[in-house]
Amino acid sequence: MSYDFNTIEANWQKYWAEKATFNAENNREKPKYYVLDMFPYPSGAGLHVGHPLGYIASDIYARYKRHKGFNVLHPQGYDSFGLPAEQYAIQTGQHPAITTRENIARYREQLDKIGFSFDWSREVKTSDPKFYKWTQWIFIELFNSWYDKDADKARVITDLEAIFTKEGNANVNAVCDEDVEPFTAEGWNGFSSKEKQEVLLKYRLTYLAETEVNWCPQLGTVLANDEIVNGVSERGGYPVVRKKMTQWSMRISAYAQRLLDGLDTIDWPQPLKDSQTNWIGRSQGASVTFNVKDHEATIEVFTTRPDTIFGVSFMTLAPEHELVQKITTSEQKEEVQAYVEATAKRSERERMADVKTISGVFTGAYAEHPFTKEPVPIWIGDYVLAGYGTGAVMAVPCGDQRDYDFAKYFEIDIPNIFEGVDISEEAFADKENTIIANSDFLNGLSYKKATKTAIFELEKIGQGEGKINYRLRDAVFSRQRYWGEPFPVYYVDGMPQMIDVAHLPIALPEVEKYLPTETGEPPLGRATVWAWDAKNNKVVSNDLIDDTNVFPLELNTMPGWAGSSYYFNRYMDPHNVDEVFSKEAINYWKEVDLYIGGSEHATGHLLYARFWQKFLFDRGVVPVDEFAKKLINQGMILGTSAIVYRISGSNTYVSKGIKDEYETEELRVDVNMINASDELIPEELMSWQPQFKDAEFILEDGKFIVGREVEKMSKRWYNVVNPDGICEQYGADSLRLYEMFLGPLEQAKPWNTAGITGVHSFLKKLWKLYHNGDVFDVTDEAPTKDSLKTLHKTIKKVEEDIENFSFNTSVSTFMIAVNELTAQKCNSRVILEPLTILVSPYAPHIAEELWQKLGHSESIATEAFPIFEEKHLVESTKQYPISFNGKTRFTLELSLDLSKDEIEAEVMGHEKTKQQLDGRTPKKVIVVPGKIVNVVG
RNA sequence: GCUGAAGUGGUGGAAUUGGUAGACACGUUGGACUUAAAAUCCAAUGGCCUGUAAGGCCGUGCGGGUUCAAGUCCCGCCUUCAGUACCA
């Protein structure tokens, strides 16, 4: 019987499932290790070969860690709320739950075929009410919390109420809305219940706020920035307007600094850390308050250069700034109005596109310089963004290129406040070489000293203070969608009320259509049974709303990132109905040790998850404040599209090598028809699609060759390759090895099915090594020295490679080992058993089969082996210093435990060494296993 | 513009982190076995020079430098990809 991978793989997959081989226990005997993949969104298209890449890598590591003696948690689940299922529902009327269930079944089937060691007993689905009960619970916890800046952590809201009752809010140092008014204890106690709720809402970690959104009236929905193209919706091309809506927001800004600091404590890729750092966007400087002349108003600005305060010659407000209408003089009214309207019409994308055009309008109003008391003209300009800082800047044209350009364009003064610097052509922005001049008390100071002094003086006159500004904004948490977690919220007199945990989950109601309502409410506005009976604590028909016992429920749903922000913790105790997870479970597993997933989640999921983890940590729910110790971003697998060349205006196709003799156009064809030498059999193409039925072909050397192009794997380019097909044809072990063999895990790399024959024949050779014809053939004889050398070389390299996540090179190492052992005709058990263990994380099915044939009754998959623990057979590698010619030395690194004499004999017996040493007195000879590298001397 | 990563044969990619560049695999060429194909096995395969071999020269994006020794380190460029963008 030759290597029958189909039967072997089916058998072992069945065995693993039946014996629940990979179910993790909360076992305290062994050290724990938690390996996690980013769970997939189950899309209708199923998996292509790019998807399992990270799962294969994490699976190899998980299996390796089991061999190392760890108790491994390696779960999988589904991020099953999301837009595609909802869109499909809108088109077909099919309930998203049905679509989702079907897609999950298909995903599971595909995943099972690859032989992952997932603990499926812990599967979670974010769209499962048993799961989202806890998403709702965390939302409530956030609602019931505020951020105490003094303690630098989140605290329960009842603490805050207690403080208010006792002393008002004068001493409260909290992260909150800008517009909280000061009040005393008497004031607080005098507030009505509703007034109290309104105040508290400004402090809660999740709060309701008016937020500007992109509203598309025709589609009746809110669009994300990237769903808008040229000011109209991407889908349908309808106009989009900025609209204020009341939405739930998450006060992630409270955690900006801790999210930044935490990055130093985790082993994540530098590029990913950098993009989170940029996203949080910390900048240090000062806020400065300018009084507006002739108005009871002030303009607050943020600047990173308070040292340049005497260089201010104008101010610029964002066109959306709230003061614009108030301070504009009547002469300028018309022009300002026109500019504001023009800006409002332009999409953000448009504004970004032409950053070079300078535009702006003078408001006619003046501010007063805090020190010189000189008038400073106030302009508006769209280079100032409403969403960053305060939406206003103090313009220092001599020190900032944008201010400089603006001033030049509108012929505003450009006072020079730098010593010995020419600013006739451009601004001078070099902080390091700055010496301030023409600046009163700042004259002669460097950037650092001037900054300090300026802040000190500003604080003295009460018109500014040192400040750290973050780009990170609070995250909008409401979506006008159906297929998401419902909020556990109902409204009494317009104020949000949380439903008690005991009555969760609040399940999604049924609706007859998944579109927004005609009046612009979210799809849940169509539900007829969607009101909260606060007396009997249950969801009841809307008809019963009486505003004394029965109230309307929230109509928005949560965004996609809600469920994915804590799911990794839920795996630790997924079936718990009383708690999100038990203390025992969370204290045992603590955090993810290795997390593998795509880098596209850098500023989304991975930031929000860190935020929630820190919040849960503050509230004592989890024991650590970073959820993933180590993270690896796997690179994307790209498709290699196949291109045929059609002679223009005909149905004749010409082979690639001779296409330049004709006028041709390119067509992409199914990549699965192409063989390893880029050859296409014309008959296959003719039967592929009707348009090729009568095609004619011009061949070169009797072959039809296609062009290749590397691009994203997509149905559109006919370059999608399915893992199931590969598993059937070559086996899951071949697929696993090949995905790893393609290249470094972190790198993007093209898929080309043709190359899989290399790893496939490795597996066949491995099989043959243990078999003589159909007979299993392994001896108990002692192995030769060469075979031992091969083994130890392999052990060393493979272990190093796994620890470094260089899975690609270890596959090569296996191939070399098998080739060498085959050449040595080695079928000694002493070598083959450890080799099987080494291979098993990569190709688990064949390893299990061989392990069983070697006479072991237990599965190889969960056993710990000392070869991964220590080099117990022979000390595998060692550096040996050798004296030579009395005084010179060289080091030798060999894979065998040789004596000094043996090494010298080996080295001196080496032809090449002899040659290299001939007639020379070497200082050093560098030798690595089996070969001489270099001689110096 | 800024930040980050990377440029090595026909292709994917190795290189013990300063030590024989091109491991391993694909592809290609030749051979063995076959009536034939598939499968399998063997050999060759960076470029150039020499009829062959022996041998030599050139070779890791480009130009310099450090070193006995540079794909690897330093300086200056070029190119590609990814993220981000009027961030005050």
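Numbers restart at 1 for each chain; the letters A, B, ... are given by sequence-line order, proteins then strands.
- In this view, A:Thr794 satisfies the side-chain hydrogen bond (donor to acceptor under 3.5 Å, both in side chains) rule with no residue, not counting sequence neighbours.
- For A:Ser810, the side-chain hydrogen bond (donor to acceptor under 3.5 Å, both in side chains) test picks out A:Tyr842, with sequence neighbours left out.
- With B:rG4, B:rC86, B:rU3 as the choices, the nucleotide that has an atom nearest any side-chain atom of A:Asn278 turns out to be B:rU3.
- Residues passing the salt bridge (charged side-chain N to carboxylate O under 4.0 Å, His left out) test with A:Asp678 are A:Arg708, sequence neighbours excluded.
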Restricting both atoms to N or O, compile the protein contacts to nucleotides 27-29 of chain B shorter than 3.5 Å, with distance only.
from, atom 1, to, atom 2, distance (Å)
B:rU28, OP1, A:Ser677, OG, 3.1

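- Residue A:Asp274 is in sugar-phosphate contact alone, with no base atom involved, counting any heavy-atom pair closer than 4.0 Å across all strands shown.
- Partners of A:Glu465 according to the salt bridge (charged side-chain N to carboxylate O under 4.0 Å, His left out) rule, which considers only residues two or more places apart in sequence or in another chain, do not exist here.
- Straight-line distance from the CE atom of A:Met394 to the P atom of B:rC87: 15 Å, rounded to whole Å.
- Ion pair A:Glu820/A:Lys793 flagged as a salt bridge, since at least one NZ, NE, NH1 or NH2 atom sits closer than 4.0 Å to an Asp/Glu carboxylate oxygen.
- Applying the salt bridge (charged side-chain N to carboxylate O under 4.0 Å, His left out) criterion to A:Asp274, with sequence neighbours excluded, gives no partner residue.
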Q: Scan nucleotides 7-15 of chain B nucleotide by nucleotide, 5' to 3', and note B when protein non-hydrogen atoms come under 4.0 Å of the base, S if they reach only the sugar-phosphate, - if neither.
A: -----BSS-
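- Nearest nucleotide to the A:Ile816 side chain, out of B:rA23, B:rA39, B:rA88: B:rA23.
- Pairs passing the salt bridge (charged side-chain N to carboxylate O under 4.0 Å, His left out) check and including a residue from residues 744-762 of chain A, sequence neighbours excluded, do not occur.
- Checking the phosphate oxygens (OP1, OP2) of B:rA88, no side-chain nitrogen or oxygen of A:Arg471 falls inside 4.0 Å.
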Could you list the donor-acceptor pairs under 3.5 angstrom formed between side-chain atoms of residues 384-399 of chain A and any protein atom two or more places apart in sequence or on another chain?
from, atom 1, to, atom 2, distance (Å)
A:Tyr388, OH, A:Ser283, OG, 3.2
A:Tyr388, OH, A:Asn469, ND2, 3.3
A:Thr390, OG1, A:Glu300, O, 2.6
A:Thr390, OG1, A:Ala392, O, 3.4

